[in-house]
Protein chains: 2
Amino acid sequence: MTTRQIDDALEESLRGFAINRTSPVPLYFQVAQHLEDSISTGRIPPGTLFENEIVLAKRLGLSRPTMRRAMEYLVDKGLVVRRRGIGTRVVQPKVRRPLELTSLYDDLASTGQSPTTELLSFDTVEADATVAEKLGVGFGDEVVRIERLRSAQDRPIARMINYLPQSLATFGSDDLERGGLYELLRSRGVHLHSAVQTVGARSASVAEARLLGEPRGSAVLTMQRVSFDDRGDVVEWGDHVYAASRYAFEINLLTA
Amino acid sequence: MTTRQIDDALEESLRGFAINRTSPVPLYFQVAQHLEDSISTGRIPPGTLFENEIVLAKRLGLSRPTMRRAMEYLVDKGLVVRRRGIGTRVVQPKVRRPLELTSLYDDLASTGQSPTTELLSFDTVEADATVAEKLGVGFGDEVVRIERLRSAQDRPIARMINYLPQSLATFGSDDLERGGLYELLRSRGVHLHSAVQTVGARSASVAEARLLGEPRGSAVLTMQRVSFDDRGDVVEWGDHVYAASRYAFEINLLTA
DNA sequence: CAGTGGTCTAGACCACACC
DNA sequence: GTGTGGTCTAGACCACTGT
């Protein structure tokens, strides 16, 4: 039957696969990654019905909870659907971009658009009322202000303004022109945890239009974001403007 | 010590709490919900360091895996942070202040406005090239087209156009004016699984400006969305336009 | 009915952070 | 060291789906 045939794809994918128990990589993760790879390359095609988790566990020499954990990973990624009494089935493929904290730089880089960053200004300023509120610092406290112009394929795409607490700005101008801000912070030991973004639109100001190379009065996308670290402290507040004719936010979501 | 004191908040929260083993609600979920509630109401304040999971499990009469599962729920929701060798700590609440450009959006949200929906059209049409591609049907196949105007506070906010495979449109005009499309589909047994959204901006067309009550040439937010069900089949394709002066997308995300 | 995933238990050992 | 969360095992019973 059809079911039998597509089950064979799973068996095929598992045939040459063996768990490495000396590896520091968790067993459930080894399994999950292998299955994820098999699914995304099509070796296990959409619609495939998995064998039940007990059989799979035995086949791989694992306990059922460990096998379950691998399955949960796939469910969280939206690759498979599980139903009690039915089984586990591979979902039809869609666009798979594991959109995390949206980093414009990474976005462009991953789509091969060779992003560049021009540092427009990099100063220490006194926080005005808005900045003080967003960053959770006192009015007039010194904060770091960064203004950058991001381009892709030699055409400007976004004007980005970021404010950071002074304690986090342990980098120099050259670091900012080399890559994304988030990567920079991560490499400095900041544990990013969550963010609140607001995406809106309005007409470009004259200055913005000139900077982005857009006609006067054209529509721009706006995005404000506050990012938090592990401890709940504000890491950064950003106020960005994107040329709407050249950029849009793609958001991938699971309707858990 | 300070640590001791904030631990007491946890103990306090757990004092009157008992697991109900006769309930159909899973034990881990009972615990998770109780803790989530205690955190969001402030009974367990931010910064609180939890007792280790073994002690907590014993205190609640649970096994460690079950207690762990409750913790994982809280981690997934971004309410606590766990670190090996350190412990589990309640995260600072994300300050959710209205952002400058979205005061009107905020008005709607905070006043708990129940939006109204006006059905502009509801037809069966032949799929053009775009619709056929998005829905995964043949060119010229019959699909259902829905056009709605959503308002809040008696002012229009969005013009929404949706296309559905004919098989899914098992509802009537009155259903569409009563509530959301997604709720309608769910009640019809559709298992929503995932979606891909693109958010952009442009200048409003004359017709759009008139419909939304905005000045000619003003900026609008655009959102296109394809939704998928369990089996990976397309449920719906939407093409929406929002009055940018009155609406913005607020996106909350974890950096998992 | 048989088969599936969902939940739960009571142990064990390991990796890591801090003292 | 000691204490934490991270991983793993080998069972068990239950709830749901399809026949």
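All values below were derived from every heavy atom in this structure, side-chain atoms included, with hydrogens, water molecules and symmetry-related copies excluded. Chain letters run A, B, ... following the sequence lines, proteins first, then strands; residues in each count from 1.
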**Prompt:** Going by an N to O cut-off under 4.0 Å, is there a salt bridge joining A:R83 and B:D230?
**Reply:** yes

**Message:** Using a 3.5 Å distance criterion without hydrogens, assess whether the side chain of A:D123 forms a donor-acceptor pair with backbone atoms of A:V125.
**Reply:** no

**Request:** Round to a whole Å and report the spacing from CG of B:N52 to P of D:dT2.
**Result:** 16 Å

**Message:** What's B:I54 touching, base or sugar-phosphate or nothing? Going by heavy atoms closer than 4.0 Å.
**Reply:** nothing

**Rounded distance (Å) that lies between atom P of C:dC14 and atom CZ of A:F29** = 22 Å

**Request:** Figure out the CZ/P separation between A:R69 and D:dT9, and round it to whole Å.
**Result:** 12 Å

**Message:** Could you tell me how far apart B:L74 (CG) and D:dG5 (P) are, to the nearest whole angstrom?
**Reply:** 13 Å

**Prompt:** Roughly how many Å is it from CG in A:L62 to P in D:dA10, rounded to a whole number?
**Reply:** 10 Å

**Complete:** Quick note, A:R21 side chain, CB onward, closest among D:dC8, D:dT4, D:dC16 is D:dC8

**Asked** Starting at the 5' end of DNA chain D, which residue's closest nucleotide do you reach first, B:G87 or A:T66?
**Response** B:G87

**Request:** Kindly say if A:R84 contacts the phosphate of C:dG6, meaning a side-chain N or O under 4.0 Å from OP1 or OP2.
**Result:** no

**Any B:Y28 side-chain nitrogen or oxygen under 4.0 Å from OP1 or OP2 of C:dC8** = no

**Asked** Where each residue is assigned the nucleotide of DNA chain C containing its nearest heavy atom, which of A:I86 and A:P65 is assigned the position nearer the 5′ end?
**Response** A:I86

**B:R231, CZ atom: more than 12 neighbouring heavy atoms under 6.0 Å** = no

**Request:** Kindly say if A:R83 contacts the phosphate of C:dG5, meaning a side-chain N or O under 4.0 Å from OP1 or OP2.
**Result:** no

**Request:** Would you indicate what B:R64 reaches in the nucleic acid, counting non-hydrogen atoms under 4.0 angstrom: base, sugar-phosphate, or nothing?
**Result:** base

**Request:** For B:E53 and D:dT7, give me the distance from atom CD to atom C1', rounded to whole Å.
**Result:** 11 Å

**Request:** Have a look at A:E53 and tell me which of A:R59, A:R64, A:R84 forms a salt bridge (Lys or Arg N to Asp or Glu O under 4.0 Å) with it.
**Result:** A:R64

**Prompt:** Roughly, in whole Å, what's the span from CD in B:E72 to P in D:dT7?
**Reply:** 9 Å

**Message:** When you measure from the side chain of B:E142 to the backbone of B:Q166, do you find a donor-acceptor pair of N or O atoms at a distance under 3.5 Å?
**Reply:** no

**Request:** Give one of base, sugar-phosphate or nothing for A:R68, where a contact means two heavy atoms less than 4.0 Å apart.
**Result:** base

**Message:** Just the rounded figure in Å: distance from C1' of C:dA15 to CG of A:L27.
**Reply:** 14 Å

